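Worksheet for the structure shown next.
Just so it is clear, the model here is predicted, and its values are computed rather than measured. To find a chain, count down the sequence lines: A is the first, B the second, and so on, and within it residues start at 1.
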Protein chains: 2
Amino acid sequence: MKLIRIYQCFCDETRLRIINLLIRGPLCVCHIQQIVGESQVNVSRHLSYLKDRGMVEARRHQNWMIYRLPEKRSVELESNLKCLQDCATTESVFKSDLSKLKKVLAAEGVREVLAQSCCRSNSCHSKRC
Amino acid sequence: MKLIRIYQCFCDETRLRIINLLIRGPLCVCHIQQIVGESQVNVSRHLSYLKDRGMVEARRHQNWMIYRLPEKRSVELESNLKCLQDCATTESVFKSDLSKLKKVLAAEGVREVLAQSCCRSNSCHSKRC
DNA sequence: TGATAATATTCCCATTGACGTATATACATT
DNA sequence: AATGTATATACGTCAATGGGAATATTATCA
């Protein structure tokens, strides 16, 4: 992934907040939406932007779309994510996002679904899984 | 300096190249122009953009405007500059820029002028110095 | 099948950004 | 004062971006 593309993904505040969340692990759109407090359309659009540029990957779990950072990352991406993760600790928006993240993940069954590398749950009947 | 502002400065290729050059030390506009091969207006405009956002500082030396990264940098800026410096080594544009930079700095008297924290040379008669 | 939930897409508009051309400013030299 | 060099600004244009409102899509559930 080219360096400039990384920074283009980073250069909007909402996107930066989303990426900072995804560093901690996969998340569903509705959770991201709850945490960053932006409209559904807005969050979805930023996620599309990120997906188009290879910054995130998506899979479906029933009604949820679960986004995550790519597993295989270039050295540059990895360094910059690490750098972002460190730097974000000094700004309140990001800290606040992370504490909201904790609450979201605390909900019943959420962690289990997000942790799956693909959809394998009993409750899922999607043909796509 | 806010994190988002850093990435906004980083998210254009010409600006990223300029910043990568300035990591190595102060430079005059005409040198930057030579190295990145963009028009005078374009380079000047990007430098204005960076200056407006506190990413660079400028001083005049005779006809030259000398730009540099700020001496006092926030932790976030410092980390991201370091990260950029590392990552830039893997992409050819940046490597090529750095080798051009060497040639520019090799020219007679250039290093001396750029190294001055302010204009103190004998040949300078500006009232502003 | 119909209803609902979650997400994506389309249409529209305002803002920003990038860039070319022309012009202005600042300084040095003669 | 006139000229040359280096740099910045103004103006216009076009493309990209961000976001609201409405609608479409995909899956689940009754």
| field | Geometric cation-pi criterion, A:R53 with A:Y49: 6.0 Å, 45° | value | yes

| said: If I take atom CG in residue B:N63 and atom C1' in nucleotide D:dT3, what distance separates them, rounded to the nearest angstrom? | reply: 13 Å

| task | May I have the distance from A:R59 (atom CZ) to C:dT7 (atom P), rounded to whole angstrom? | result | 12 Å

| task | May I ask you to evaluate whether B:S39 reaches the phosphate of C:dG20, defined as a side-chain N or O under 4.0 Å from OP1 or OP2? | result | yes

| request: Mind checking A:V43 for me? I need base, sugar-phosphate or nothing, with any heavy atom below 4.0 Å counting as a touch. | output: nothing

| field | Under 4.0 angstrom between B:S48 side-chain N/O and D:dT9 OP1 or OP2 | value | yes

| query | Rounded to whole angstroms, how far apart are OH on A:Y67 and P on C:dT7? | reply | 9 Å

| message | Quick check on DNA chain D: between A:Q8 and B:A58, whose nearest nucleotide comes earlier from the 5' end? | response | B:A58

| query | With respect to the phosphate group of D:dG19, does any side-chain polar atom (N or O) of A:N42 fall under 4.0 Å of OP1 or OP2? | reply | yes

| field | Check: A:Q8 side chain, B:D12 main-chain N or O, donor-acceptor pair, under 3.5 Å | value | no

| request: Nearest whole angstrom, please: distance from the C1' of C:dA6 to the CZ of A:R60. | output: 8 Å

| query | Please give, in whole Å, the distance from C:dA8 P to A:I32 CD1? | reply | 9 Å

| request: Using whole Å, report how far CD of B:E38 lies from C1' of D:dA8. | output: 17 Å

| From the list C:dT7, C:dT21, C:dA28, which nucleotide is the closest neighbour of the side chain of B:V41? | C:dT21

| message | With a cut-off of less than 4.0 Å, is there a side-chain N or O of B:R15 near OP1 or OP2 of C:dC19? | response | no

| request: Establish, with yes or no, whether the OP1 or OP2 oxygen of C:dG20 is under 4.0 angstrom from a side-chain nitrogen or oxygen of B:R45. | output: no

| said: Given the ring of A:F94, does A:R17 sit roughly above its face, with NZ or CZ under 6.0 Å from the centre of the six-membered ring and within 45° of the axis? | reply: no

| task | Mind calculating the distance between NE2 (A:H31) and P (C:dA6) to the nearest angstrom? | result | 9 Å

| request: Verify the contact: side-chain N or O of A:H46 to OP1 or OP2 of D:dG19, cut-off strictly under 4.0 Å; return yes or no. | output: yes

| Checking only heavy atoms, does the side chain of A:Q40 share a donor-acceptor pair with the base of C:dA8 at less than 3.5 Å? | yes

| request: Would you kindly give the CE-to-P distance between B:M65 and C:dC27, to the nearest whole Å? | output: 10 Å

| request: Kindly indicate, with the supporting measurements, whether the criterion side-chain contact (heavy atoms from CB on, under 4.5 Å) is fulfilled by B:M1 and B:C9. | output: CA-CA 11 Å; B:M1 189 176 192; B:C9 289; 4.3 Å; yes

| said: Can you tell whether the side chains of B:R73 and B:E76 come within less than 4.0 Å, N to carboxylate O? | reply: no

